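The shown structure was predicted, so the numbers you read here are calculated from the model rather than taken from an experiment.
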Amino acid sequence: MTVSHPPAGTTAPRPQAPSRARRTAPAALLATVLLLITGLLAVPSASASTATPTPTPTSAVAPGEAVFTLSPIANGIVRPGDGLAVSVTLQNGTDAATPATAVTLSLGSEALTGRAALNAWLNGDGSSSGLAAVGQAALPAVAPAGTETAGIVVAPTDPSLAARAPGVYPLSAAYDLGDGPVISRSVMIVPPDAAAEVGIGVIVPITAAATAEGLLTATELAALTAPEGSLTDQLDAVDGTAAILAVDPAIPAAIQVLGSAAPATATAWLARLDALPNSRFALQFGDADVAAQMQAGLSRPLRPLSLQSYMVPADFTASTGATPSPSPTAEPGEPVYPTLPELLDIGGARESVFWPGTGTTTPAVVQSLGAVTIDGRDSLTLVPSTATVAGASGGTVPGRAISGDADLLVYDADVSRELRAASDEEETSLRGAPLTAAAAYLAFATAQSGGEPIVVTLDRGEDRSRVALRTAITSASQAPGVTPLTLGGVAARIPASVEIADGPVDQVRVDAAAALVADEAQVNRFSTILDDPTVLTGPERAEILQLLGLAWVPEPEEWTTALAGHRAATATTLDSVGILPPSDINLFSAGAPIPIWVRNDLDYPVNVVLFATPDDLRLDVTRANEVTAGANSNTRVQVPVQARVGNGEVSVQLQLRSRTLEPIGDAQVVDVNVRADWEGIGLVILSVLVGGFLLLGVVRTVLRFRRRSRRAAETPDAASAETDHDKGTG
């Protein structure tokens, strides 16, 4: 493959990811010395700026491409008397080395006029008159799959920096290998000397990776809260900053349901979270997608029902003589469980705040969420500025707003996109590009806000380093002309009226939410066979919320697999109790029980009612038969029946129902061959035979006496002899 460059005169695409830079010793040493002399390394930064902004850079350059990046130092902010320092990085994703080349840095003489002009410049669609070369550096040859970085410094005394008015100025770096220039664009920002500071709220999510389970396991928590774990990195990044925390309550819940079995690192992490002074609010459990829930027809977002099934009594048993917690009235040796609100507590959070996923906001979603109240408090919904009519056209929208009856926090989409890109960028030599772009957008936002606060976010992200995340937070909260605000400080401002623009609907996620809710309704009805229905409904709700988590959005294939697995498991649960297929029965008596077997594959005993309904009046069946089926067993049920007059085939329909008459499992049919009349016929025949034999005996006796009497009358001696003969034979 050959080295791939953009056409002549165009901008190099923003790098999709950083690879570790391999600097040549002379270039790195020269750049470092010059930067230290000019004192421009006070603010930690580094990242790359290219022609088109990339919201979520990955960790590798696309094969076959060579990506050229311009990254200003100190987020491109140059105050009067300061110098300008930049780094230029070439990432070679081709299989051929790029030759050494000279890179020229150019600076525009006229400031960009606004956000639209800044967009056009960074995207490579705009041009700037008055660009003049202000510096040059030698970029060494770059081996295949290699990276090289060089530094360029413009001294404070350079005439190109003298007498610069406040503004955002176009900046570019270019090199030419003979087939046209390769250009990377960025900006230089000259902040105003004395301007009224504008409040800024920087919202940072505290979330875990996507999971299909209701709660994180002890093993997962131990890894996430280890010194190098993702959750530890997130707390390290926000600790000591003014960031507003958006915490997934499923994380503290997962730690607290483990009780004494929770990993030590996890309990220490939770204690540290509670101790942070940052203002905060709770995301949906599992950071579930509230937009998809509303679009699926729900009147309010789902909330956890119960997490009791995740708790083991031994982990919550107070030792003898110890004071149980949280209940001082508990007896020693008895388990003391935290309540659901205690499990979900994230420490002093503002209630009823909703943060739909980026790009999911629509007028209907906003109005639906705006109508939700929790504990008597009106909701507050976060939406991007591009979800408003004014923001979609490139305008700046105040951070506190209202649309109809819905209270809103509107975060600047441009600034937030660049901050997110910076927080995802691991390479210091490339992070300066999105940080500079964010600072430029923020400069226009503060100038156009009319003194109203600005809200920005770092959006959701996974496995972000503490350095990258903290750098993005501090770059926003310490930018020129802003002062950090708490959540309450932003929410207390008088809202500006905005109109929500129409947006796309992710029908796949909406359909999935609707299907999960429908499945849950079936589980709720099924669970009425249990003494404690929450052992099924609690985990089902928790797993649904986790499956709707926004962490799944970047992983659609894995999410589809997890979704299918959950629905299959739900179907298995719904089929775990039923009637075993019965055999045909021959009934030869008037009354006898029919044996039926009830199957229970659950880990809990169930209470059901077996309803038997014959389709013919030949058979009288006990209609309702209460059954308690043991856990993981088959239970025999004797259904009493009584045969009536007549013979024939009778089908008895069998159906299990809960005590609330919800059908459980599939109906079964048992065929009964009724031959109960054979009993009466047999008795009649036997009676006739017995009567016949008795009658025959009587007749024989009468005939014998008559015969003797007749003979005695005719010949007395013969009669006497016969009598004597009879006596002898007797």
Side-chain angles (χ1 to χ4, degrees), residues 195-206 238 240-247 276-283 290 346-356 358 361 366 369-370 372-374 377-388 390-391 395-420 438-439 441-460 472-500:
E197 291 189 339
V198 174
I200 187 171
V202 183
I203 300 176
V204 181
I206 305 295
V238 300
T241 71
I244 300 169
L245 308 184
V247 184
L276 289 178
N278 302 66
S279 62
R280 63 196 68 185
F281 65 89
L283 297 166
V290 293
I346 63 169
R350 187 192 191 280
E351 296 293 336
S352 63
V353 180
F354 301 113
W355 187 359
T358 302
T361 308
V366 169
L369 293 175
V372 175
T373 59
I374 298 178
R377 190 167 198 173
D378 292 337
S379 63
L380 193 62
T381 304
L382 274 75
V383 300
S385 58
T386 48
T388 67
T396 295
V397 183
R400 182 68 171 91
I402 189 170
S403 176
D405 295 330
D407 288 318
L408 307 175
L409 290 181
V410 182
Y411 56 92
D412 191 290
D414 291 326
V415 180
S416 300
R417 180 188 65 246
E418 300 298 339
L419 290 176
R420 161 67 188 274
Y441 283 116
L442 188 56
F444 286 121
T446 55
Q448 299 166 359
S449 69
E452 293 300 316
I454 300 296
V455 175
V456 299
T457 71
L458 272 76
D459 214 336
R460 287 89 170 174
I473 295 170
T474 56
S475 295
S477 59
Q478 298 176 10
V482 301
T483 183
L485 289 179
T486 63
L487 178 61
V490 178
R493 300 300 292 262
I494 297 175
S497 180
V498 298
E499 180 182 355
I500 301 298

Quiz: residues 482-497 side-chain donor-acceptor pairs under 3.5 angstrom, not counting sequence neighbours:
| residue | atom | partner | partner atom | Å |
| --- | --- | --- | --- | --- |
| Thr486 | OG1 | Gly489 | N | 3.1 |

Item to check | Matching residue for Thr361 among Val366, Thr386, Thr381 - test: side-chain contact (heavy atoms from CB on, under 4.5 Å) | outcome: Val366
Could you list the residues that satisfy side-chain contact (heavy atoms from CB on, under 4.5 Å) with [X], not counting sequence neighbours?
X      : value
Ser352 : Arg350, Ile374, Arg377, Ser379
Val247 : Ile206, Leu245, Leu273, Ile346
Ala246 : Ile203, Phe281, Leu283, Trp355

When the side chains of residues 444-453 are checked against the rest of the protein, which donor-acceptor pairs come out under 3.5 Å, sequence neighbours left out?
| residue | atom | partner | partner atom | Å |
| --- | --- | --- | --- | --- |
| Thr446 | OG1 | Leu442 | O | 3.1 |
| Thr446 | OG1 | Ala443 | O | 3.0 |
| Gln448 | OE1 | Thr396 | OG1 | 2.7 |
| Ser449 | OG | Thr446 | O | 3.2 |
| Ser449 | OG | Gly451 | N | 3.4 |
| Ser449 | OG | Glu452 | O | 3.3 |

Next on the checklist: Among residues at least two apart in sequence or on other chains, which ones pass salt bridge (charged side-chain N to carboxylate O under 4.0 Å, His left out) with Arg400?
Outcome noted: Asp407
Next on the checklist: Using the salt bridge (charged side-chain N to carboxylate O under 4.0 Å, His left out) criterion, which residues pair with Asp459? Sequence neighbours excluded.
Outcome noted: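 For Asp459, no residue satisfies salt bridge (charged side-chain N to carboxylate O under 4.0 Å, His left out) once neighbours in sequence are set aside.
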Please set out all donor-acceptor pairs under 3.5 angstrom arising from side-chain atoms of residues 408-415, sequence neighbours excluded.
| residue | atom | partner | partner atom | Å |
| --- | --- | --- | --- | --- |
| Asp412 | OD1 | Arg115 | NH1 | 3.2 |
| Asp412 | OD1 | Asp414 | N | 3.1 |
| Asp412 | OD1 | Val415 | N | 3.0 |
| Asp412 | OD2 | Arg115 | NH1 | 3.2 |
| Asp412 | OD2 | Arg115 | NH2 | 2.9 |
| Asp414 | OD1 | Arg417 | NH1 | 3.1 |
| Asp414 | OD2 | Arg115 | NH1 | 2.9 |

Item to check | Heavy-atom side-chain contact between Leu369 and Pro356 under 4.5 Å | outcome: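 Counting from C-beta outward, Leu369 and Pro356 do come under 4.5 Å.
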Checklist entry - With a 4.5 Å limit on heavy-atom distance, are the side chains of Ile500 and Thr388 in contact? => result yes
Checklist entry - Distance-only, no hydrogens or angles: does the Ser403 side chain make a donor-acceptor pair with backbone N or O of Ala406 under 3.5 Å? => result no
What distance separates [X] [atom1] from [Y] [atom2], expressed to the nearest 0.5 Å?
X      : Y      : atom1 : atom2 : answer
Gln478 : Ile473 : CD    : CD1   : 10.5 Å
Phe354 : Leu382 : CZ    : CG    : 11.5 Å
Asn278 : Thr241 : CG    : OG1   : 5.0 Å

Checklist entry - Looking only at heavy atoms, what is the nearest atom pair of Ser416 and Val456, with distance? => result OG-CA, 3.6 Å
